[in-house]
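This one's a predicted model, so the numbers in the text were calculated from it and none came from an experiment.
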Amino acid sequence: MDPVGLGANVAIEDAQTVAVDLSFLHDLAVSVIVAEQFPEDTELSVTMVTDERIAELNSEYLGKAGSTDVLSFPLHELEPGSPPDAAPNSPPFTLGDVLIAPSYVRRQAEELEVGFNDEMALMLVHGILHLMGYDHRNDADAELMESREAEILGAAGVGRR
């Protein structure tokens with residue numbers, strides 16, 4: 001994984017207290033954009049939030065009670081594997097927002113007996129793929145999304161459960 005020099009604009013904000021490797025997550029996010037062949041100036045926002053904040057958003061936007069690991073808020077309805085064309089002199093394409101609750105992910109990693117950083121990487125890739133139109137509403141969609149996650153994480157040298 002070597003996104004140095006790529007134009008993707010990935011903004012990562014940390015609004016919680018669990019130690020997270022933000023540099024690695026930034027580079028991984030850029031790698032997802034590249035792997036999915038999105039325009040090189042694609043914009044993406046990623047925010048690390050508390051359990052309480054993600055629970056509020058989960059309730060407000062999805063009508064689900066309680067905390068969760070990752071939420072995605074896409075700005076466009078996209079088809080998996082169909083990136084937008086980069087028109088000359090057009091503004092950057094903005095994917096949307098991914099929010100991750102590291103404290104939830106830490107508990108989840110412990111329960112699954114997987115590494116915290118690997119689970120964080122999976123949550124990031126999962127969230128970004130949702131912004132790109134991937135989903136897991138049915139078995140076929142879930143298989144496509146999980147396969148793509150495994151490919152991207154494998155290319156980044158990340159273990160996958």
Side-chain angles (χ1 to χ4, degrees), residues 1-13 20-49 54 57-58 61-62 64 67-87 90 92-102 104-161:
M1 180 171 62
D2 185 17
V4 175
L6 298 175
N9 183 9
V10 177
I12 298 185
E13 180 182 348
V20 178
D21 186 346
L22 298 178
S23 177
F24 170 75
L25 294 176
H26 174 274
D27 291 351
L28 180 59
V30 172
S31 293
V32 176
I33 291 167
V34 171
E36 287 296 300
Q37 300 178 358
F38 271 67
E40 71 174 37
D41 63 350
T42 295
E43 296 179 338
L44 164 67
S45 170
V46 178
T47 306
M48 304 300 145
V49 298
I54 210 160
L57 296 167
N58 201 21
Y61 291 99
L62 299 179
K64 296 181 181 180
S67 188
T68 190
D69 44 20
V70 61
L71 292 174
S72 297
F73 297 97
L75 292 179
H76 309 277
E77 286 194 31
L78 302 171
E79 290 295 318
S82 298
D85 293 327
S90 64
F93 184 82
T94 303
L95 277 170
D97 303 298
V98 173
L99 291 95
I100 301 173
Y104 187 100
V105 174
R106 173 162 293 178
R107 290 190 305 276
Q108 184 167 273
E110 289 170 1
E111 289 172 15
L112 296 170
E113 298 179 348
V114 298
F116 172 68
N117 290 333
D118 290 347
E119 193 68 4
M120 283 294 295
L122 173 60
M123 293 305 104
L124 178 66
V125 171
H126 186 86
I128 295 171
L129 288 179
H130 270 305
L131 298 180
M132 295 176 167
Y134 289 84
D135 214 325
H136 42 79
R137 292 186 185 132
N138 59 52
D139 289 344
D141 289 347
E143 188 174 313
L144 175 65
M145 185 172 194
E146 290 170 10
S147 171
R148 196 65 188 122
E149 287 169 351
E151 290 171 10
I152 292 168
L153 290 168
V158 174
R160 182 161 183 334
R161 58 177 169 188

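Residues Val98 and Ile128 share a closest heavy-atom pair of CG2-N, 3.9 Å. Of all heavy-atom pairs between Met123 and Val70, the closest is O-CG2, 3.7 Å. Scanning both residues, Ile54 and Thr68, for their nearest heavy atoms gives CG2-O, 3.4 Å. Nearest approach of Pro102 to Phe116, heavy atoms of both residues: O-CE1, 3.5 Å. Counting all heavy atoms, side chain and backbone alike, Ser72 lies closest to Gly127 at OG-O, 2.8 Å.
The number of heavy-atom neighbours closer than 6.0 Å to CD of Gln37, taken from other residues, nucleotides and ligands shown, is 12 or below. Within a 6.0 Å radius of CG in Asp85, no more than 12 heavy atoms belonging to other residues, nucleotides or ligands are found.
A donor-acceptor contact under 3.5 angstrom links the side chains of Tyr134 and Glu36, judged on distance only. Between Asp97 and Ser45, the side chains place a donor N or O and an acceptor N or O closer than 3.5 Å (distance only, hydrogens not considered).
If you take CD on Glu146 and CG on Leu122, they are separated by 9.0 Å, rounding to the nearest 0.5 Å. Here the CG atom belonging to Leu44 is positioned 9.5 Å from the OG1 atom belonging to Thr94, to the nearest 0.5 angstrom.
Between Arg107 and Glu110 there is no salt bridge, since none of the side-chain N atoms of the basic residue sits less than 4.0 Å from a carboxylate O of the acidic one.
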Quiz item: When you look at Asp69 and Ile100, which way does the side chain to side chain contact (heavy atoms under 4.5 Å, CB included) test go after all the steps?
Solution: CA-CA 6 Å; Asp69 44 20; Ile100 301 173; 6.0 Å; no

Practice problem: Kindly determine whether Leu22 and Val46 satisfy side chain to side chain contact (heavy atoms under 4.5 Å, CB included), including the steps that lead there. | Solution: CA-CA 10 Å; Leu22 298 178; Val46 178; over 6 Å; no

Practice problem: Evaluate the side chain to side chain contact (heavy atoms under 4.5 Å, CB included) criterion for residues Leu95 and Phe73: first the C-alpha distance (whole Å), next the side-chain angles of each, then the deciding distance (0.1 Å), finally the verdict. | Solution: CA-CA 9 Å; Leu95 277 170; Phe73 297 97; over 6 Å; no

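Checked against ring-ring contact (aromatic ring centres under 6.0 Å, His included), His136 has the following partners two or more places apart in sequence or in another chain: His126, His130.
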